[in-house]
Structures are given as structure tokens and as C-alpha cells.
Amino acid sequence: MSFASQLKPILSSVAVLAGVAAAIALAAQAMTEVAPKEQDGIVYWSDGDSGRLADGTKFRLHGIDAPETRSPKQIGGADCESERELGYLAKEKVLELTEGKTIAVTRDYGPDRYERLVVDLDIDGKDLAKTLIAAGTHQAWDYDGGDPKPDWCSSKYKRAVKSLTP
């Protein structure tokens, strides 16, 4: 076997390994823990799981879902009126937890399909997403893992509207 015929499989292997290394490097870059970066000022919440940081950066909380607050008649809005009611309760809870608090971005997962930065936020040293899930107004959601979005119109959540409203 000539040197040229042996070189082709070696170069192919090197190319495959280089591609795998590049993919790993990109994935690592997209999901980086960052030194907590405190946000001075007010965080604007557009709904219970997304908004704008004080510096104007659009963001979405990682690993969590809140019911929608937009009308069921709007594209991307709530699927039913009880979801919308839960959405306002979820937004009220996140406002209550973050008002006047020190907010820090502790992990940056890169942008989502809507160009929002997907992040973990800490409020006074506590993970905000875990706190919201424990409060019952939000649900864990592995969007990246392909999990279906919680069905906020199911009877389970319709009962929650009654138990969470004053």
C-alpha cells in the first residue's frame, strides 16, 4: 500500500476529529457559567419568565415556563383564559420576588430562537427559577431537551387558578 493511499483515511479521521472538537467548543461557549454579574436598577418583566435586564438586554429564564399573559386571540398568546389569569399571577410573583433586590446573572446559555439571552438569575443569592417553581406559579421546563410546554389549560392548572387567587 502506498503512502498516498494510507494518507486519505488519516486525513479523513483528522477532519472528523476536528469537527467534533469544534462542535464541543461551540457548545461549551454557548453554555458558560459566568461570574455573577449584578444588574443595577430595575429589571423589566414582560411576563413571568422573560423581560429586559437593567442594561436593556432581552432575556428568558432557563429551565422554567410561566403561563402566557397575552390574549388567547393573539399569536403566541394564552391558549385559554385560565392560562392568562395564571400568567398574571406568575408575573405578579416574579415582580414581588425581584422588586428592590440585587439581581445577578449567574449563567449564560446563549440566545434562544427569539434572540433573547437565556440565563440563570440569582436574587439575593437564591436561584430565581427554583424559587418560582417552589411558589407554584411556574413549572420546570426543559425546552432544550425537547420537553413539551406545560399545558396551562389542563384541569390541574385551572384548579390552581382558584387556589392561588385571593
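Any value given below was found using the heavy atoms of this structure, including those in side chains, with hydrogens, waters and symmetry copies removed.
Note: Arg84 CZ to Cys153 SG = 12.5 Å, rounded to the nearest 0.5 Å. How far CD of Glu81 is from CG of Leu86: 10.5 Å, rounded to the nearest 0.5 Å. Here the CG atom belonging to Leu128 is positioned 8.0 Å from the CD1 atom belonging to Ile103, to the nearest 0.5 angstrom. In this structure, Arg116 CZ and Ser46 OG are separated by 7.5 Å, a value rounded to the nearest 0.5 Å.
With sequence neighbours excluded, no residue forms a salt bridge (charged side-chain N to carboxylate O under 4.0 Å, His left out) with Glu115. Legend: residues meeting side-chain contact (heavy atoms from CB on, under 4.5 Å) with Ala90, ordered by chain and number and at least two apart, are Ala66, Pro67, Thr137, His138. Judged as a side-chain hydrogen bond (donor to acceptor under 3.5 Å, both in side chains), and not counting sequence neighbours, Trp141 has no contacts. Legend: residues meeting salt bridge (charged side-chain N to carboxylate O under 4.0 Å, His left out) with Asp65, ordered by chain and number and at least two apart, are Arg60, Lys149. Not counting sequence neighbours, Asp79 has no partner by the side-chain hydrogen bond (donor to acceptor under 3.5 Å, both in side chains) test. In terms of the side-chain hydrogen bond (donor to acceptor under 3.5 Å, both in side chains) criterion, residue partners of Glu96 (sequence neighbours excluded) are, by chain and number, Lys93. Scanning for salt bridge (charged side-chain N to carboxylate O under 4.0 Å, His left out) contacts around Asp151 gives an empty result, with sequence neighbours left out. Considering only residues two or more places apart in sequence or on other chains, Lys91 meets the salt bridge (charged side-chain N to carboxylate O under 4.0 Å, His left out) condition with none of them. Asp122 meets the side-chain hydrogen bond (donor to acceptor under 3.5 Å, both in side chains) test with no other residue; sequence neighbours excluded.
Contacts classified as ring-ring contact (aromatic ring centres under 6.0 Å, His included) and involving residues 61-93 (residues at least two apart or in different chains) are given here: His62-Tyr109. Listed by first then second residue, pairs satisfying salt bridge (charged side-chain N to carboxylate O under 4.0 Å, His left out) with a partner in residues 126-136 number zero, not counting sequence neighbours.
Residues Tyr44 and Val118 are members of separate hydrophobic clusters, defined by side-chain heavy-atom contacts under 4.5 angstrom among Ile, Leu, Val, Met, Phe, Trp and Tyr.
In this structure the side chain of Val43 reaches within 4.5 angstrom of the side chain of Phe59, judged on heavy atoms. Between Leu121 and Thr106 there is no side-chain heavy-atom pair separated by less than 4.5 Å. Here the side chains of Asp47 and Glu68 are in contact, with some heavy-atom distance below 4.5 Å. When side chains are defined from C-beta on, Ile123 does not count as touching Thr131, because their heavy atoms never get closer than 4.5 Å. Looking at heavy atoms from C-beta onward, Thr98 lies in side-chain contact with Trp45 at the 4.5 angstrom threshold. Between Ile64 and Leu132, the closest side-chain pair of non-hydrogen atoms falls below 4.5 Å. Within the 4.5 Å cutoff, no side-chain heavy atoms of Thr57 are placed close to those of Val119. The side-chain heavy atoms of Tyr114 and Lys58, taken from C-beta on, include no pair separated by under 4.5 Å.
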